[in-house]
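Have a look at the structure below before the remarks.
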Amino acid sequence: MATLVIVESPTKARTIRNYLPNSYQVEASMGHVRDLPSGAKEVPEKYKDKPWKNLAINVENNFEPIYVIPKTKEKVVKELKTALKKADELILATDEDREGESISWHLLEILKPKVPVKRMVFHEITQEAIQKALDDCREIDRDLVHAQETRRILDRLYGYTLSPLLWKKIGGNLSAGRVQSVAVRLIVGRERERRAFQSGSYWDLEAQLEHEKSEFSAKLITLDGKKLATGADFDPDTGRITEGRDVKLLNETEATTLKERLIDRTWTVSDRNEKAIKRRPSPPFTTSTLQQEANRKIGMSARETMSIAQKLYEQGYITYMRTDSVHLSQEAIAASRACIEQKYGKKYLSPQPRQYSTKSKGAQEAHEAIRPAGNTFRTPKETGLADKQFKLYDLIWKRTVACQMAEARLTQIAVNINVEEAVFRASGKRIDFDGFFRAYVEGSDDPDAAIDSQEILLPPLQVGDKPNCQKLEALGHETQPPARFTEASLVKTLEKEGVGRPSTYASIINTIISREYIQKRGKALVPTFTAFAVTSLLEEHFPDLVDLGFTSQMEQTLDDIAVGKAKWLPYLETFYRGETGLETQVQVQEDEIDLDTAKTIRLENIEAKVRIGKFGPYIEYQNGEAESIKASIPKDVTPGDLDSEQIANIIRQKIEGPDKLGLFPGTGEPIYLLNGPYGPYVQLGQKTDDNPAPRVASLPKKQKIEDVTLDMAVRFLSLKKLGIHSEKKEAVYLREGPYGHYFQLGEKSETNKRPKIASLPEHIKPEEATLDIALNYLSLPRLLGEHPETGGKIKASIGFYGPYVVHEFKPEGSKKTQKDYRSLKKDIDNVLEIDFERAMELLAQPKRARGGRKKKPLRELGIHPEDKEPVNLYKGPHGDYIKHNETNVGIPEGETIESITLEAAVALLAEKATSKKTKSTTRKKSTTKKKTTTRKKKTK
DNA sequence: CAGTGAGCGAGCTTCCGCTTGACTT
């Protein structure tokens, strides 16, 4: 009996292999294996004449979807088919949520198994859980699959009918979607609030007081029995106190006068109030909260967080990183509690194990929360991880452990101090028991927010005490506009509203950046003019679709479909067909939407029109009667920072011609400061027939246009010519591009459209660059020789990941050239000097494991007598093992990390090598077989 | 890499969610 089990991820496959008998082969589908075609190229020939070919959904026949196997998945599908041939039973063990159920169904459709099929689901990877899951297999849930298909079809209809409308009305390459359009709308909405924001100013007093030799500060809170106005009392639309608020607003003069009057008077404590408060730890991480905290605390983007988490997951350090569940398994709770007891002591344990429940909308909870893997947690130090992997693991470890720790107990202290008609307040905070604060305190999106775990100490003030006023200051404040969204706060909002899924939060941000809807400025997400235009169009003409509640309503219906309470077809019919359906609405609105209006952005307090053109946003300005002036808006200017002054500047520059910075010393040619399609640049001389390509130089990335001086411009421009290539008689330049400095051979011309370019290596400073250096790097790739066996070329050059050598060869019978790369060893090799022998030596070495830093060994045993490579001990997800080159052997029973000797290890490695050789005839069949044999040995 | 916004028109762009490798100006 052989059984094929299919799960989503290869890591999961590897793990559950250990809990299944040897007759079970576990393979991964790598997510979805079938989908709607993404574009015209993938649509099958027979549908190409259909009016709905772009949608790939037969809207004339019950929304029948046309599924294809994407190019990238063909290999996986082929492998699964081969594996199935050898099996007499198929178990589909994908996740238990909507998408997972759908993957199983698609697998069934593609594989068309002739053997019995079972659907198995499990939530924990333990022997018992998997055994139980095997016993409780069921059928595929067709309702759940329909719910997924409905979601897929709706998203396609939404995206692929609205995007073309945007192309027609605003510009190409734009997109609309159920998720991205809402995300952009949120960001645009915030920016509109910021533009409309009216700042208000208010003053207050802050006193430095002293009592029994300790100092503390107090703030003015009431005057004549009236509460003093603070930022929260202002109306953001007017910049004045919100109507109906009975507060006292101080201006600068009043505040200063009051200050001078009060400073010498007697200050008396009039009231003291203590309040006990408790703080509970935040729930364990989900994808969303992990991304938020990594962004707040380590400054990582959502994308970076996910890629590092993926590596931690693959190496067995953490559980699955795409989850919306805060559930912790029993083993995780036990492991956390063991950690706490050992590290902090019993009194830091929460009296009862704490289990959190998921609150976000539409959560599907197919996985556990993100936590350290296993049933005992390795402390961050024990992992041997480094850098960002360490930081992220540390965050996850602390957060998980904190969940099972005791509440923190605090006392808030408020002391009122009267002086004349004024009341000041000193606020303190005392931590009576730090509890989970010991391990972890959640970050905040508000940089000014007080940190929960920080004490503010006050002297023991009692009513009647008379502290001395040492200093009294009048402080002016301005109310601040609402903060822009960051990746953290956007992900938080999207999750709260149920928009997007754990697997997509990071890519949503990437999508809206690559469509140029938003720019990142530091951590802030800033919307562009395009985002304003697109959002306005969608809000005006498709308000329901960009409503924040659209997704949660959809989710509700999908849930109903999943449990059989609703039918999928009528839902799609209503969405797409009929008078109010999307199909008709897009047609109606296409006539209705005025091209000119759609491309124009209306901004308050701005006279000129901002329009979206082919080359980006530009200003259209009516100068007098007849003349209309058009001027591009610089790339990094967004609606948020466009004011009348800036517009006036842009228009002035357009009318008067480019700003002249001064004259080039020596030649006396004028130097201009201009704004081009690739950002600001300086230009020497004017473009004329004699001088068709004047010398130009970009400003360095961080250079502000306002601060450019003549001196700087001269420097930028003279960065240029290094000399003449003696053979080719062409000039060699050093230039600065968007990715740093680079060398260029010759100039761009009709005959030479792509001059040769080589980037400046990191260790050479632009000032130090000479013609010789440039020629050396421009001559790359260097041909080092031919491979004695294949006759292929051996070359050395610099690539995206640094200097490398490559062996280019054509395997026998193949037309394709294969390239085998090795990076040069830093500090040892030099790409300009490396010779053929050394290149061959590097190519003979095995490829280094990708994915960053090597794991740190538990123990170094020594050097292998034969090839002088190290033999080390490592901790793996399934136990400790010996590693030598690419060969791994488990530590045999009876031996421990400490006891094993180099000789014993070498013997074990030799044994493994011979067992490999004897099996070499069958080796190619499957890698899983090899693993099975080693495991057998271990368990004997 | 470097100065634009008309209009002609073929053929293309585009969605969300699940997953990992491949990627070397």
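Convention: sequence-line order gives letters A, B, ...; per-chain numbering from 1.
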When you measure from the side-chain N and O atoms of [X] to the phosphate of [N], is any distance below 4.0 Å, counting only OP1 and OP2?
{"X": "A:Q683", "N": "B:dA2", "answer": "no"}
{"X": "A:S9", "N": "B:dC18", "answer": "no"}
{"X": "A:T504", "N": "B:dG17", "answer": "yes"}
{"X": "A:R152", "N": "B:dC15", "answer": "no"}

Nearest whole angstrom, please: distance from the [atom2] of [N] to the [atom1] of [X].
{"X": "A:I69", "N": "B:dC18", "atom1": "CD1", "atom2": "C1'", "answer": "15 Å"}
{"X": "A:R156", "N": "B:dT14", "atom1": "CZ", "atom2": "P", "answer": "11 Å"}
{"X": "A:I6", "N": "B:dC18", "atom1": "CD1", "atom2": "C1'", "answer": "15 Å"}
{"X": "A:L80", "N": "B:dT19", "atom1": "CG", "atom2": "C1'", "answer": "13 Å"}
{"X": "A:M30", "N": "B:dT20", "atom1": "CE", "atom2": "P", "answer": "7 Å"}
{"X": "A:L595", "N": "B:dG5", "atom1": "CG", "atom2": "C1'", "answer": "13 Å"}
{"X": "A:L572", "N": "B:dC15", "atom1": "CG", "atom2": "P", "answer": "20 Å"}

Exercise. Establish, from distance only, whether the side-chain atoms of A:R178 and A:T551 form a donor-acceptor pair under 3.5 Å.
Key: yes

Exercise. Using distance alone, with no hydrogens and no angle criterion, decide if A:S104 and A:T94 have a side-chain donor and acceptor under 3.5 Å apart.
Key: yes

Quiz item: Can you tell me which stems DNA chain B forms when a stem means 3 or more consecutive Watson-Crick or G-U pairs under 3.5 Å?
Solution: none

Quick one: which of [options] gets closest to the side chain of [X]?
{"X": "A:E314", "options": "B:dT24, B:dG21, B:dG17", "value": "B:dG21"}
{"X": "A:V179", "options": "B:dC16, B:dC15, B:dC18", "value": "B:dC16"}
{"X": "A:R322", "options": "B:dT4, B:dT19, B:dC18", "value": "B:dT19"}
{"X": "A:K630", "options": "B:dT14, B:dG5, B:dC18", "value": "B:dG5"}
{"X": "A:R151", "options": "B:dG17, B:dT19, B:dG5", "value": "B:dG17"}

Quick one: label [X] by what it contacts on the DNA or RNA (base, sugar-phosphate, nothing), any heavy atom closer than 4.0 Å.
{"X": "A:S163", "answer": "base"}
{"X": "A:G500", "answer": "sugar-phosphate"}
{"X": "A:A176", "answer": "sugar-phosphate"}
{"X": "A:R611", "answer": "nothing"}
{"X": "A:Y320", "answer": "sugar-phosphate"}
{"X": "A:G177", "answer": "sugar-phosphate"}
{"X": "A:L174", "answer": "sugar-phosphate"}
{"X": "A:R515", "answer": "sugar-phosphate"}

So, [X] and [N]: ring centres less than 5.5 Å apart, planes less than 30° off, yes or no?
{"X": "A:W167", "N": "B:dT13", "result": "yes"}
{"X": "A:F615", "N": "B:dG5", "result": "no"}
{"X": "A:Y821", "N": "B:dT24", "result": "yes"}

At what distance, to the nearest 0.5 angstrom, does [atom1] of [X] lie from [atom2] of [Y]?
{"X": "A:E304", "Y": "A:I308", "atom1": "CD", "atom2": "CD1", "value": "4.5 Å"}
{"X": "A:Y505", "Y": "A:L490", "atom1": "OH", "atom2": "CG", "value": "10.5 Å"}
{"X": "A:E314", "Y": "A:R14", "atom1": "CD", "atom2": "CZ", "value": "7.0 Å"}

Quiz prompt | Integer angstrom distance from the P of B:dG21 to that of B:dG17 | solution = 23 Å

